2 protein chains.
Amino acid sequence: MVSLKSSVVLSAEISPAASGRWLDTIIKGDCVSALEKLPDNSVDVVFADPPYNLQLGGALHRPDQSLVDAVDDAWDQFASFEAYDAFTRAWLLACRRVLKPNGTLWVIGSYHNIFRVGAILQDLNFWILNDIVWRKTNPMPNFKGRRFQNAHETLIWASPSAKGKGYTFNYDALKAANDDVQMRSDWVFPICSGGERLKDENGDKVHPTQKPEALLARIMMASTRPGDVVLDPFFGSGTTGAVAKRLGRHYVGVEREQTYIDAARARIEAVEPLGGATLSVMTGKRAEPRVAFNVLVESGLIKPGAILTDARRRHSAIVRADGTLASGGEAGSIHRLGAKVQGLDACNGWTFWHYDDGGVLRPIDDLRTVIRADMARMG
Amino acid sequence: MVSLKSSVVLSAEISPAASGRWLDTIIKGDCVSALEKLPDNSVDVVFADPPYNLQLGGALHRPDQSLVDAVDDAWDQFASFEAYDAFTRAWLLACRRVLKPNGTLWVIGSYHNIFRVGAILQDLNFWILNDIVWRKTNPMPNFKGRRFQNAHETLIWASPSAKGKGYTFNYDALKAANDDVQMRSDWVFPICSGGERLKDENGDKVHPTQKPEALLARIMMASTRPGDVVLDPFFGSGTTGAVAKRLGRHYVGVEREQTYIDAARARIEAVEPLGGATLSVMTGKRAEPRVAFNVLVESGLIKPGAILTDARRRHSAIVRADGTLASGGEAGSIHRLGAKVQGLDACNGWTFWHYDDGGVLRPIDDLRTVIRADMARMG
DNA sequence: GACGATGCTGAATCTTCTG
DNA sequence: CCAGAAGATTCAGCATCGT
């Protein structure tokens, strides 16, 4: 079992000593000034659940005249769109400074604020990777019957710049977990309620917009690796911290209200981290070491002079000693020649070309696994 | 059966004579200048499908090397966000002038443009009533496996001012059509394909972004009454006109391209208006919800680290936090790993793998019924 | 005609490494 | 930084064709 502490030691870039003790802590204060305590390029992912700028215009009552406990806290009040926009720009810029260039940022919001946040993200040159819809299984009904039931919230997933190409996305794991079809942009989760919802000594909810842990788990399993650092600049009740600890990720939280900080600390303290074996992330071919075709020839798995064909034996080529293929006067790499014989621009020669194994055609890709198994044993 | 002509007569405010002959026509031209032909406060609903301002890199090929026919039309090209914003402000203001104070406006977009549109709507003092998610049953996949599949588009439904309170919303009709539960903000429809998709004489699609009629039908059934006037400032292939005529509403279209105008005219000409009783068939059907394995993990019904076995306990595997299974150095989806441990090509992991429920082995498929019970309430 | 195999397509900001 | 090469990557629905 890999403990959270040993994960820290394994991470070359981040260590508790170098981090100024901010790792796995909650920093009290306004998020822009609090983030000044963090060095540049120090976090892998930002998850932000900013104030929604709700404008309900008076109390909301259910049909039975009971009062709906709406979000009307002081921290959620802004004088104008301009004030909200300035606030948004400030915290986004502060987050980008501490975010690694290959990191990504998540923001969640509703129609009250998400359009402003999205437009500002684009204005600041963030690059939107996806917008994600969280569909709620159990949303609050629309009591007035004058609109559609507000049954979803929107997340934006963005790279800090248009050139950010090396971001983490655990595509293969998500696909395998999703019954072998790729994960879509619409997710279904219940809202946070029942035992998961933090309550104070009076039985009242501690935080008005506590997010479900399943939502954060999906986000972290998709866009982080074990040992990564997740920053939450609006920490609230600490869902980000609790999920990060459970999944073997590090967290940094920023929060202004002492009540929330106290509740989050106690909550995270009680979390039991999962063991190392359960945290391994499934990877696909992309993560495998590269093996060049001539390695197969040099190792004798394929002999010079051998004939390769496509799966239907419509095209054939001869293997040359230098690791290239030749066919009808043309020669080139397995990829180039595969493309050429098909009249295409590109081709994956590993899956296109097959060898004859006692009458059965098998892709030459199968032979790479032999080489890779050897490489794995040698370290 | 209500004919279109009698609907006109029933409408006190709009008559063909007073309308200057623009009712149920397509006006050729740029939408801002074309709308100058319409009087103030003359339409009940605006449906706008503006250019999305896609910013495509190079050509995109499917894994089989076929080329994706991208939206690279000139009308979707803008020099900058500033240019797109100015364009957006101009058409929104032109639409608001002709929109009745108690009318409403719909805009559809994707993450490329919808955040800008939404923020500008708010800046112009439109009042957002809902954001609506159109979930596509059959979206295009993400071919490179570097992001989530882009499986939805977003609509914004707004009132022209914060004081617009008398807008039409057929709450009870929608609820009745939705198995007596409130209509939610997430809608499911297939993309427009098959016989509904307009093709030219070469068999090519007439318009690259033709919207499904079911989507427009939902919109009109929700926010208009028979005889109302629906303006579409980006008329394209005329889906708005076709659905308006079928549902006994009036339309006005604005379109720049003669090709689209010709196709839309012929299309609308062929439409047979329906009677009110047949309209419920347009609202779309719900399918049995698909539940993937990761939903069980994320919901806590199966915990990471849990051991699954086959019915006779001959094979076992451990559940990982990413929603995959691992066994003897191998990892994969419940289906892949089930096949692998049995030495088979395929396996239904839902019936193969079992969990231990107090000494009794039960197939993990049983746990899906719990989730489906939750989802059933969503409609 | 029925049925399976094969092919085509849809609003898409869709790779990564080496030299 | 750029050019070039390696090589990884798709889901649902509909149309067409062959048996």
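Chain A is the first sequence line, chain B the second, and so forth, proteins listed ahead of strands; every chain is numbered from 1. Basis for what follows: all heavy atoms, side chains included, without hydrogens, waters or symmetry-related copies. All figures in this text were calculated on a predicted structure; none of them were measured in a lab.
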Near-ring test [Y]/[X], centroid separation under 6.0 angstrom:
X: A/Trp106; Y: A/Trp157; result: yes
X: B/Trp75; Y: B/Phe234; result: no
X: B/His61; Y: B/Phe143; result: no

Distance check needed: [N] [atom2] versus [X] [atom1], whole Å only.
X: A/Trp353; N: D/dA6; atom1: CH2; atom2: C1'; answer: 16 Å
X: A/Asp345; N: D/dG4; atom1: CG; atom2: P; answer: 14 Å
X: B/Arg116; N: C/dA11; atom1: CZ; atom2: C1'; answer: 18 Å
X: A/Asp131; N: C/dA12; atom1: CG; atom2: P; answer: 13 Å
X: B/Asp72; N: C/dG10; atom1: CG; atom2: P; answer: 12 Å
X: A/Asn102; N: C/dC17; atom1: CG; atom2: P; answer: 10 Å
X: B/Arg146; N: C/dC17; atom1: CZ; atom2: C1'; answer: 14 Å
X: A/Lys163; N: C/dT16; atom1: NZ; atom2: C1'; answer: 17 Å

Distance check, [atom1] atoms only: [N] and [M], in whole angstrom units.
N: C/dC14; M: D/dA6; atom1: P; answer: 23 Å
N: D/dT16; M: C/dG1; atom1: C1'; answer: 15 Å
N: D/dT10; M: C/dC8; atom1: C1'; answer: 13 Å
N: C/dA11; M: D/dG7; atom1: P; answer: 34 Å

Would you say B/Asp73's side chain and B/Asp76's backbone share a donor-acceptor pair under 3.5 angstrom?
->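 Side chain of B/Asp73 to backbone of B/Asp76, a donor-acceptor pair under 3.5 Å: no, none is there.
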How would you label the contact of [X] with the nucleic acid (heavy atoms, under 4.0 Å): base, sugar-phosphate, or nothing?
X: B/Gly58; result: base
X: A/Ile334; result: nothing
X: B/Ser110; result: nothing
X: B/Asp76; result: base
X: B/Pro50; result: base
X: B/Asp49; result: base

Please tell me which of the listed nucleotides, C/dA12, D/dA6, C/dT16, lies nearest to the side chain of A/Ser333?
->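 Ranking C/dA12, D/dA6, C/dT16 by closest atom to the A/Ser333 side chain puts D/dA6 first.
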All N/O pairs under 3.5 Å across the protein-nucleotides 2-5 of chain C interface:
none

Note: for A/Arg312 and A/Leu129 on DNA chain C, the residue whose nearest nucleotide lies more 5' is A/Arg312
Judged by nearest nucleotide, the residue sitting upstream toward the 5' end of DNA chain C, B/Asp204 or B/Ala70, is B/Asp204
Residue pair A/Arg184, A/Asp186: steps toward the salt bridge (Lys or Arg N to Asp or Glu O under 4.0 Å) verdict | CA-CA 6 Å; A/Arg184 296 167 46 111; A/Asp186 50 343; 2.8 Å; yes
Looking only at the side chains, is there a donor atom on one of [X] and [Y] sitting less than 3.5 Å from an acceptor on the other?
X: A/Thr324; Y: A/Arg320; value: yes
X: B/Arg62; Y: B/Ser66; value: yes
X: A/Asp180; Y: B/Ser333; value: yes
X: A/Ser185; Y: B/His152; value: yes

Please test A/Arg336 against A/Asp345 for salt bridge (Lys or Arg N to Asp or Glu O under 4.0 Å), starting from the C-alpha separation and ending with a verdict.
-> CA-CA 8 Å; A/Arg336 284 287 114 228; A/Asp345 286 337; over 6 Å; no
CA sep, side-chain torsions, deciding dist, call: B/Lys211, B/Asp49, salt bridge (Lys or Arg N to Asp or Glu O under 4.0 Å) | CA-CA 9 Å; B/Lys211 294 292 175 288; B/Asp49 183 10; 3.1 Å; yes
Summarise how protein sits on nucleotides 8-15 of chain D as a single string, 5' to 3': B when a protein heavy atom is under 4.0 Å from the base, S for sugar-phosphate-only contact, - for no contact.
-> BBBBSSS-
Pick from A/Val341, A/Asp365, A/Val319: which one makes a side chain to side chain contact (heavy atoms under 4.5 Å, CB included) with A/Trp353?
-> A/Val341
Looking only at side-chain N and O atoms, does A/Lys165 come under 4.0 Å of OP1 or OP2 in C/dT16?
->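 A/Lys165 to C/dT16 OP1/OP2: no side-chain N or O under 4.0 Å.
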Distance below 4.0 Å between A/His335 side-chain N/O and D/dG7 OP1 or OP2 =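 Checking D/dG7 against A/His335, a side-chain N or O does come within under 4.0 Å of OP1 or OP2.
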For DNA chain C, list all stems, counting runs of three or more consecutive pairs where every pair is Watson-Crick or G-U wobble with both distances under 3.5 Å.
-> C:2-10 with D:11-19, C:15-19 with D:2-6
For B/Arg267, look at atom CZ and say whether over 12 heavy atoms of other residues, nucleotides or ligands are found less than 6.0 Å away.
->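 Result for CZ/B/Arg267: enclosed.
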